[in-house]
Amino acid sequence: MATEKKFTGGDLLFNVLEQHGVEHVFGYPGGAIMPIYDALYESNVEHFLCRHEQGAAFSAVGYARASGKVGVCFATSGPGATNLITGLADALADSIPVVAITGQVATAAMGSDAFQEIDIFGLSLACTKHSFQVTNIDDLAKVLHQAFAIALEGRQGPVLVDIPKDIQLAQVNGCLEHLAKLKNKVKLPPANVGSAIALLSQAKQPILYVGGGVGMANAIDELRSFAQITALPSVSTLKGLGAIDPKDSNYLGMLGMHGTKAANLAVQECDLLIAVGARFDDRVTGKLNEFAPHAKVIHFDIDTAEINKRRAVDAAILGDLKVNLPALAVPLSIAPWQAKCQQMANDYAWDYNHPGETIFAPAVLKEISEQMPKNTCVTTDVGQHQMWAAQHMRFDDPSNFLTSGGMGTMGFGIPAAIGAQVSRPRDCIIAVSGDGSFMMNVQELSTIKRFQLPVKIVLIDNAKLGMVRQWQDLFFNGRLSETDLADNPDFIMLANAFDIKAKTVTEKSQVSAAIAAMFDHQGPYLLRVKINAQDNVWPLVPPNTANDKMMENS
Amino acid sequence: MNNYQLTIKADDKQVVLERILQVTRYRGFLINGISAKVNTGTNIGTIELMVSSERSIGLLVDQINKLIDIKEVRVDNSVSQQCIA
Ligand SMILES: Cc1ncc(C[n+]2csc(CCOP(=O)(O)OP(=O)(O)O)c2C)c(N)n1
């Protein structure tokens, strides 16, 4: 006679996940998380086996960013848990809601240097928004509910829950807890609307500086209506791309190290900077004390700690952008300044003229952007190709451009695309990668194969660690140290080994047809675009330099 | 270098002290002294932290306040002083 299966910590985990609407998780099993994988067997949650825990973490990040839901990943203790860390750090830097569940050795073995024991709870302190270690089965449900609440509340971020094996196996007493409502601990000061409106109405040359916080606050409509009513010239950070409608005639493009000339010059000249969900990152500001030197600052944010962190502000508007942006939406009389900004946008528009038959990556990415279906989501890796994608592709929502901003993590693109595709099975997902970055999580091609995910990979191949090579050429006297990748594998054979159709283009004349073929193909596809190893990303603001002193292609 | 004394009230939760110490170090403050005790009746801990830094104390207060288990952070100005050296 079969004995009745008891309801364990592992079962409870899946019940709580389902309570939070979790349908998909990314993970990799191992000894200390086996009871959870055993409970998975009977759960309705769909698990995506990745081929490295870093891949699982990035897929959870991509899933969260593409869908607005919490991304969930699983790993075993020890090396499984440490492999998650880069993904968690990435999620922390870009404020992405992720819940990571790690298995841990049994409580009795903890602290004894047991097999595959690592203090992941201690390691998590610097790379999560919050973390828990569950040492009593009666706490498990409450902790899991809190983990979801904390990941989503205020400024979003990753939360880790470490669950020892005996807790996963323990019998659950009592019934399932209801969803916890997190008490809002930080009381935000009342929005400083009066003084901000005064600053706005006095300004002659104001600029709207849009960051990733707008998308995270789900305040795209409020931002666009604010931009429309005020008719402010606007610039965007890397993570803010897609928040402002790229067709808005007052939009000047991305600012910062590889920003457009118009965006950077306008910000340097402005007399009022209205920062919305942006944090004055060093890649944005260049030399901080010469950034927007004439500007007063209004700063909208959800995180009190961002106010005055890198730039003193004149008015701080703390709280929900959805509420606060409409409060400041007043028409402004700034016609001469608008005209000047539009003139700069025209004068410094991108030039796609590129003599010769070698392929010009910016033109390829522009063409892909023009041909891609509506609601396409683009992920990138890190390097020159990432900056070219940011400069030359157009996005109508931040959830359609997923790039590792704060951490700049190579290896992000492919697993993030997997997560995005799982969350949006009907949308086209494109990963723009470089030949260096591609190899950092190349094992995830196997995940693409296993789940037949129709991800399109555009591999910009310069046989170099291009961005580092560019800096060595420009700032280290051309001493090219460890940036040559001439011995790359045959990427076409490699893709084919994972049942991914692949094609190389080496000349401009082949590009349009190859892009069309990629979109026409139903399944996953790799388009390898061979470019000149010497091509650089322009403009470039050198390190510790004011943003108006950018280097340009000469 | 500026010296400050912080008085922090926190829920007596796992690793709350480690979190405070980690944030303090990472945000560029040296710890010159610490005392910590828990009221077992209320389960609220009180941590007194003497720190020094070139940076403004507001930066640290805001970051400690963000930690989930923190209830209150006060800067005791009467103890703050400029270090001549
Ligand atoms: C994990 C990680 N390691 C190292 C770096 C430093 N880094 C930044 S860009 C870059 C080169 C990227 O090369 P590739 O992916 O081929 O892109 P490309 O610049 O050639 O377009 C490197 C090594 C990084 N950002 N992330």
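Predicted model, so just to flag it, every value in this text is computed and none were measured. To find a chain, count down the sequence lines: A is the first, B the second, and so on, and within it residues start at 1.
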Nearest-0.5 Å distance that lies between atom [atom1] in [X] and atom [atom2] in [Y]:
X: A:Leu125; Y: B:Ile20; atom1: CG; atom2: CD1; value: 11.5 Å
X: B:Ile68; Y: A:Lys129; atom1: CD1; atom2: NZ; value: 5.5 Å
X: B:Arg19; Y: A:Ser131; atom1: CZ; atom2: OG; value: 4.0 Å
X: A:Thr304; Y: B:Lys66; atom1: OG1; atom2: NZ; value: 8.5 Å

query = Donor-acceptor pair, B:Gln14 side chain versus A:Gln133 backbone, under 3.5 Å?
reply =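 Answer holds: yes.
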Decide if atom [atom1] of [X] counts as having more than 12 heavy atoms of other residues, nucleotides or ligands within a radius under 6.0 Å.
X: A:Arg283; atom1: CZ; value: no
X: B:Arg74; atom1: CZ; value: no
X: A:Lys296; atom1: NZ; value: no

Under a 4.5 Å heavy-atom cutoff, which of B:Gln22, B:Lys13, B:Arg55, B:Gln63 has the most pairs with chain A?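 That would be B:Gln22.
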